[in-house]
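For reference, the structure discussed in these notes is given below.
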There are 2 protein chains.
Amino acid sequence: MANAKWPKETWTRAAMHAIARGGISAVSVDALAAQLGATRGSFYWHFKDRDALLATAIAAWEETDTAQVEARLADIADAKRRMRTLFREIAFNEASDEVPGLEAAIFAQPDHPLIAPVLRRVTERRLQILAAGFKDLGLSPAKARRQAVLVYATYVGWLQLRRTAAHLVPEVAAEGRDARLAVDHLVDQLIPA
Amino acid sequence: MANAKWPKETWTRAAMHAIARGGISAVSVDALAAQLGATRGSFYWHFKDRDALLATAIAAWEETDTAQVEARLADIADAKRRMRTLFREIAFNEASDEVPGLEAAIFAQPDHPLIAPVLRRVTERRLQILAAGFKDLGLSPAKARRQAVLVYATYVGWLQLRRTAAHLVPEVAAEGRDARLAVDHLVDQLIPA
DNA sequence: ACCTGAACACCGTTCAAGT
DNA sequence: ACCTGAACACCGTTCAAGT
């Protein structure tokens, strides 16, 4: 258990990079084995099947994501600034993954059976953070919740438009003048003074 | 060409239903052949490969979608009512596909290489319709465009939240009191008086 | 405990042969 | 023109055998 040639973690890291590169379908036991210089048989000593590897990789992402969002927002006392930060930093600077592109790849397949439950938990946590912020800004609990849903839906759609239509919709790009104007416009309209 | 046992269209319809049921990965040449009572070899007479079938099915959806959105919105003269309709009817009553669930399944895989270019065209067309509406409501061209992007991003995210977190976020459900309140809230905030 | 290598199943693709 | 059926390739999974 301690002296494995290709410990479980090695397969998991390789899978995370494969997901970041080409999504779930890019995770091939055969390809990973070849890449590591191991055999497919070896893989099945550590994992029940391919899905178990995928679940482990996605769970690893969830843990680091939870920790990061918490850390980033806890610092900011002022509610309005916290909201702007959520959009500016998290939505626009492609959250600082330790595996670059992994979050984007996971958000790109929200309906995958292994991703959906994780995304539900992440969504609920973020909605609670947003709703708490809007309550701090003076909204009633019900209105704060509705506003949180509205803002989060916009965030989710914004990310999707960036992936699928960035050239077409310069407003949602990660940088540029159009994008900055659009974000200001968005923040002004979605976040009460 | 006229007297085929399993004409091209039969394969295409079967593929559309398979996509609606389980997404792109549910389209298996082997499974479709078995289902139709044909052989896999027969399939390759009509299509170059599996991707050609997928492309044909997605193109068929694009055509009917284009026609439907055009027809539905052309009727409504008043700009504000047109906007509300876009959200109420199209976003909430699961656009009346002739193949039920197909649009939702396509929106669920926006990054798939065969889906992405189609979705780009659909996105641009819808943004133009929205922006024209906001200009009719008195916004400047630049503001109308930004508002269209904001509204459309919210729409896209709303659909995704419904798919992945409907139980968790009753506000985005297709029906119910919470959902109606949330939509009113949303329309009031996103569509200028 | 950990890994190899052969075997099998599933499914996309090709193609020679039929009608 | 349209279809069959056999063959092959790719890859997930199992398992007996090795160290």
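Below, chains carry the letters A, B, ... as their sequence lines are ordered, and counting in each starts from 1. These numbers come from the heavy atoms of this one structure, side chains and all, not from hydrogens, waters or symmetry mates.
Under the side chain to side chain donor-acceptor pair (under 3.5 Å) criterion, A:E124 pairs with A:Q128, not counting sequence neighbours. Checked against side chain to side chain donor-acceptor pair (under 3.5 Å), B:Q160 has no partners two or more places apart in sequence or in another chain. For B:I129, the side chain to side chain contact (heavy atoms under 4.5 Å, CB included) test picks out B:V69, B:E70, B:L73, with sequence neighbours left out. Qualifying side chain to side chain donor-acceptor pair (under 3.5 Å) partners for A:D78, counting only residues two or more places apart in sequence or in other chains: none. With sequence neighbours left out, B:R13 forms a side chain to side chain donor-acceptor pair (under 3.5 Å) with no residue at all.
Rounding to whole angstrom units, CZ of residue A:R50 and P of C:dC10 are separated by 17 Å. Residue A:D49 contributes atom CG, which lies 16 Å from atom C1' of D:dC15 at whole-angstrom precision. In this structure, A:F47 places its CZ atom 14 Å from P of D:dG12, rounding to the nearest Å. When rounded to the nearest whole Å, the span between CG of A:L32 and P of D:dT13 equals 13 Å. C:dT14 atom C1' lies 12 Å from atom NZ of B:K48, rounded to whole Å.
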Do any side-chain atoms of residues 37-47 of chain B form donor-acceptor pairs under 3.5 angstrom with protein atoms, and if so which ones, sequence neighbours left out?
| from | atom 1 | to | atom 2 | distance (Å) |
| --- | --- | --- | --- | --- |
| B:T39 | OG1 | B:S42 | N | 3.3 |
| B:R40 | NE | B:D30 | OD1 | 3.4 |
| B:H46 | NE2 | B:W6 | O | 3.0 |

Could you list the donor-acceptor pairs under 3.5 angstrom formed between side-chain atoms of residues 141-149 of chain A and any protein atom two or more places apart in sequence or on another chain?
| from | atom 1 | to | atom 2 | distance (Å) |
| --- | --- | --- | --- | --- |
| A:R145 | NH2 | B:L168 | O | 3.2 |
| A:Q147 | OE1 | B:H185 | NE2 | 3.0 |
| A:Q147 | NE2 | A:L190 | O | 2.6 |

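A sub-4.0 Å separation between OP1 or OP2 of D:dC10 and a side-chain N or O of A:S28 is absent. Close to C:dT13, at under 4.0 Å from its OP1 or OP2, lies a side-chain N or O of B:Y44.
Paired regions of DNA chain C, where each region holds three or more successive Watson-Crick or G-U pairs whose two hydrogen-bonding distances fall under 3.5 Å, are C:4-8 with D:12-16, C:12-16 with D:4-8.
Here A:D65 does not pair with A:R121 in a salt bridge; the nearest charged N to carboxylate O distance is not below 4.0 Å.
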Would you tabulate the pairs of protein nitrogen or oxygen atoms and nucleotide nitrogen or oxygen atoms of nucleotides 3-6 of chain D closer than 3.5 angstrom?
| from | atom 1 | to | atom 2 | distance (Å) |
| --- | --- | --- | --- | --- |
| D:dC3 | OP1 | B:K5 | N | 2.4 |
| D:dC3 | OP1 | B:W6 | N | 2.6 |
| D:dC3 | OP2 | B:H46 | NE2 | 2.8 |
| D:dT4 | OP2 | B:T39 | N | 3.2 |
| D:dT4 | OP2 | B:T39 | OG1 | 2.7 |

